[in-house]
Amino acid sequence: MARFLIGKVLVRDHADGCTSGRIVETEAYPPGDSSSHAFRGETPARRSMFLRPGHGYVYLAYGACYCFNVSSEPARIGAGILIRALEPLEGVPLMRRRRGTDKLRDLARGPGRLAAAMAIDRDLDGIDLCAKGPLWLAASAHPTGAVGASTRIGISREAHHLRRFYERGSPYVSGPRRLNGA
DNA sequence: AAGAAGATTCGCT
DNA sequence: GCGAATCTTCTTA
C-alpha cells in the first residue's frame, strides 16, 4: 500500500480554494510494528487507524505539527501509511500563503509541512479518502518514476526496516541524501 | 500525580 | 548541527 500510493494524487477541497499534489514519499506502519501508533490497541485518538483501508488518520506530532496517514488494513486491524511529501500541483499560491514561504520545494516536503500546505487537521480525521469530498485520493495523469526504499525517518524503535518509499530523483522528497540514494 | 518521549519544524550558530 | 516550542500518550511512583 505504501508503494502503491506513490504517484497518486491527494486533493484538498476547501472554502479558500482547491489544492492538490502528487505523493512522492510514504512510510508504512504495519500491524505488529512497535513504532506504530496502533501497536498498543485501539483508543479514541487512534481509532481511524482501525478503519478499513482508505480512511484518513490525522494526529498532532510534538504538539506542533499535524501528520496525515491512510489506513491500510481491514477493519479492526490497526495500521497506516504516513504521507511524508507531495509534489505540488494545483493551488500553489494558496499553499504558499498557508506555509508562509515562496519556495516551491519546501511547500509539502515533510509530513508537517504537507498538512499545513493542505490545511489538514483533526477535523479531517476518519474521513473516507475514496469518495470525493474535502480530502480524497485520485489517480495521476502522469507516470510514476522508479520507487526507492529506505529506513524510516525520525523513529528509534524498529528502525532497521525498509518501510519508507519515495520516488527516486524527485526534488520534493524529504530526508537526508544518504536515504534517497542513486 | 509527575515526568519523559515522540512518525516535526523553524530559527540561529 | 542544536535547542525550543508545544501537547498527547505512556510510564513510573
Side-chain angles (χ1 to χ4, degrees), chain A residues 1-6 8 10 19 21 23-51 53-73 77-88 95-127 129 135 137 147-167 170-180:
Chain A
M1 173 82 128
R3 197 179 274 273
F4 168 82
L5 286 173
I6 299 291
K8 301 298 180 291
L10 183 65
T19 52
I23 296 171
V24 294
E25 181 184 356
T26 61
E27 281 180 0
Y29 289 84
D33 188 321
S34 63
S35 66
S36 167
H37 289 179
F39 184 69
R40 290 163 216 290
E42 187 172 345
T43 68
R46 320 292 202 204
R47 86 193 131 76
S48 298
M49 290 194 87
F50 293 78
L51 299 175
H55 287 72
Y57 163 58
V58 181
Y59 72 93
L60 183 61
Y62 295 94
C65 309
Y66 288 104
C67 294
F68 169 69
N69 303 252
V70 181
S71 64
S72 57
E73 291 285 336
I77 299 177
I81 311 299
L82 173 67
I83 309 302
R84 287 195 58 93
L86 298 179
E87 172 185 337
M95 290 191 193
R96 287 192 162 122
R97 236 178 303 147
R98 286 172 176 158
R99 288 272 300 113
T101 179
D102 279 343
K103 300 172 74 173
L104 183 63
R105 184 166 175 255
D106 288 346
L107 291 182
R109 184 168 55 88
R113 292 166 170 177
L114 179 162
M118 301 287 276
I120 293 172
D121 62 17
R122 285 282 293 173
D123 289 349
L124 294 171
D125 184 61
I127 197 173
L129 302 166
L135 186 66
L137 286 166
V147 176
S150 82
T151 53
R152 293 172 291 184
I153 293 173
I155 62 167
S156 51
R157 312 174 69 128
E158 312 249 13
H160 63 286
H161 300 291
L162 297 180
R163 290 178 178 170
R164 171 176 173 269
F165 302 90
Y166 60 95
E167 185 174 57
S170 170
Y172 301 100
V173 167
S174 77
R177 191 162 45 256
R178 51 171 267 275
L179 290 187
N180 299 330

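All of these numbers come straight from a predicted model, not from anything done at the bench. Protein chains get the first letters and strands the later ones, always in sequence-line order, with residue 1 at the start of each.
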#### Entry: side-chain contact (heavy atoms from CB on, under 4.5 Å) between R98(A) and T19(A), worked out
CA-CA 11 Å; R98(A) 286 172 176 158; T19(A) 52; 3.5 Å; yes

Let's go through E42(A) and M49(A) carefully: what are the C-alpha distance in whole Å and the side-chain angles of both, what is the deciding distance for side-chain contact (heavy atoms from CB on, under 4.5 Å) to 0.1 Å, and is it a yes or a no?
CA-CA 8 Å; E42(A) 187 172 345; M49(A) 290 194 87; over 6 Å; no

Show the numbers, then the answer: is there a side-chain contact (heavy atoms from CB on, under 4.5 Å) between Y172(A) and L104(A)?
-> CA-CA 9 Å; Y172(A) 301 100; L104(A) 183 63; 3.4 Å; yes

Margin query: For a side-chain contact (heavy atoms from CB on, under 4.5 Å) check, start with the C-alpha distance between H161(A) and I155(A), then their side-chain angles and the critical distance, and finish with the verdict.
Written below: CA-CA 11 Å; H161(A) 300 291; I155(A) 62 167; over 6 Å; no

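Between D33(A) and R157(A) there is no salt bridge, since no side-chain nitrogen of the basic residue lies less than 4.0 Å from a carboxylate oxygen of the acidic one.
Qualifying side-chain hydrogen bond (donor to acceptor under 3.5 Å, both in side chains) partners for E167(A), counting only residues two or more places apart in sequence or in other chains: R22(A). Annotation: side-chain hydrogen bond (donor to acceptor under 3.5 Å, both in side chains) contacts of R46(A) (sequence neighbours excluded): Y57(A).
Reading DNA chain C from its 5' end, the first and the last nucleotide to sit under 4.0 Å from a heavy atom of chain A are dT6(C) to dT11(C).
Counting only heavy atoms from C-beta outward, the side chains of F68(A) and L135(A) approach each other to under 4.5 Å. When side chains are defined from C-beta on, R84(A) counts as touching P111(A), because their heavy atoms get closer than 4.5 Å. Side-chain contact between R164(A) and T151(A) is absent, with no heavy-atom pair separated by less than 4.5 Å. Within the 4.5 Å cutoff, the side chain of L10(A) has heavy atoms near those of the L137(A) side chain.
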Scoring nucleotides 8-13 of chain B by protein non-hydrogen atoms under 4.0 Å (B base, S sugar-phosphate only, - none) yields BSS---

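DNA chain C lies under 4.0 Å from at least one heavy atom of each of the following residues of residues 34-51 of chain A: R40(A), A45(A), R46(A).
Per the geometry, CG belonging to D33(A) stands 14 Å off P belonging to dG6(B), to the nearest Å.
Across A79(A) and P31(A), no two heavy atoms sit closer than the pair CB-CD, 3.7 Å.
One N or O on the side chain of R122(A) and one on the backbone of V58(A) form a donor-acceptor pair closer than 3.5 Å.
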For DNA chain C, the dot-bracket notation using Watson-Crick and G-U wobble pairs below 3.5 Å, [ ] for pseudoknot-type crossings and | for other-strand pairs, is |||||.||||||.

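At least one side-chain nitrogen or oxygen of S156(A) sits closer than 4.0 Å to the OP1 or OP2 atom of dG6(B).
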